[in-house]
Amino acid sequence: MKIYSSVAAVFCCLAVAGCSTHEKEMSALVNGSLHTAAVQSERMAESLMDRPDELPRTIGKDGKLMTSKSNWWTSGFFPGVLWYLYEAEGDDSLKMYAENFTRRVEKEQFTTDNHDVGFMLYCSFGNGLRLTGNEEYAKVLLQGARSLSTRFRPQVGCIRSWDWNRQVWQYPVIIDNMMNLELLSWASKYSGDPKFAEIARSHADVTMKHHFRPDHSSYHVVSYDTITGQPEKKNTCQGYAHESSWARGQAWALYGYTMMYRETGDRKYLDHAGNVARFIMDHPRLPEDKIPYWDFDAPDIPDAPRDASAGAIMASALIELSLCTEGDFSKRCLSVAETQLKTLSSPEYLAEPGTNCHFILKHSVGNYPGKSEVDVPLTYADYYYVEALVRYKRDVLKENMR
Ligand code: GLY
């Protein structure tokens, strides 16, 4: 572990002519937080070396580390955290751990019974491929894209998310599913086969049409009639109410359409991401520190739990959105993301190394109505927080990685 990396980065910034006080402060914050995250994540990895098919998930009700097997939707996030930290810090030990935990997810390339293949594989193998060029990783990703594509039905124009609860939903599509489209976009570029990207565009277009309310907030679950292809129900599963705005759902929408603009260059996705960003940033119940309550309409605000995972996903997406927009809107996106990074990097959210069962962040909400994972660390909060820090360091501060 390079203990001087954050200090070195600050000196590097100080040495650059024209580096403002704000940039120096953000550089110190980002590099210090990346270093804390690396210390925690190495300890997490070390603690699981003798449990070779387990991946970190959260802290259980007994106060102990709760892991999952690779088939749980969050399995790819910890390998992804390790890849990003290797990118930022450059330690060989981080790379060794990243390779080890990435291999643990490999068999999910054949998963066809849910839509989470993109989360599982693109965060793990996708980052691994980006940083190493390992062609074996590309083969796994391409098979994963084939598996995910089996869940697309032209009649609906979307990838089916879930197979459970068939008595209630004919063909459920959840807003989270936007995140799986990045794998399909990659697969078309890599293989030259346009069908994956066509599925991604169709899914994004149909979701844009049916998942959003006039104020640009998103439903969680839209179920389609399999014969007509039209929506039959607009529901929630993890939010407060069918008509409420579940915070992580809004974050998935923001991230998903920003990513689709990057992948396609189609302006309608950028405009839509901008509208979702405005819904979030203008919301009267978004707190000053910019970490949302678990649902924007939770009835017990301001006593409702915050969701650091939603804040981290929003921060990562807003950094990207700020870089592909201009003027006051771009500045506002970056400013909100900076506030989110500052809040998440404060002692209230960022765990002291050696605490929090080696997760990086505290205070996320997985499934409040299901009374599961309320006010706990979650591996995906860590992933999007570290991704946001890396994006800020690389794309905003333009500091060298490694
Ligand atoms: N994709 C599941 C969630 O956001 O909780």
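Every number for a ligand or one of its atoms is a count from 1 in the order of the listing. Note that these values count all heavy atoms, side chains included, but never hydrogens, waters or copies made by symmetry.
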So for atom CD, which belongs to Glu352, do other residues, nucleotides or ligands contribute more than 12 heavy atoms lying within a distance under 6.0 Å?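 Not more than 12 within 6.0 Å, no.
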
Gap between atom CG of Leu82 and atom CD of Glu42 - 0.5 Å precision: 8.5 Å

Axial cation check for Tyr171 ring with Arg160, 6.0 Å and 45° limits: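 Flagged: Arg160 positioned over aromatic ring of Tyr171.
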
So which protein heavy atom does atom 2 (C) of ligand 1 come closest to, and at what separation?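 Nearest neighbour among protein heavy atoms for atom 2 (C) of ligand 1, to 0.1 Å: Asp176 OD2, 3.0 Å.
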
Among Arg394, Lys95, Lys393, which residue satisfies the side-chain hydrogen bond (donor to acceptor under 3.5 Å, both in side chains) criterion with Glu87?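 Checked Arg394, Lys95, Lys393 against Glu87; only one passes side-chain hydrogen bond (donor to acceptor under 3.5 Å, both in side chains): Arg394.
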
Please determine if Asp116 has a nitrogen or oxygen closer than 3.5 Å to a nitrogen or oxygen of ligand 1.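 No, since none of the N or O atoms of Asp116 sits under 3.5 Å from an N or O of ligand 1.
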
Under 4.0 Å to a heavy atom of Gln238 - the qualifying atoms of ligand 1, by number: 3 (C), 5 (O)

Please list, in number order, the atoms of ligand 1 under 4.0 Å from a heavy atom of Arg248. 3 (C), 4 (O), 5 (O)

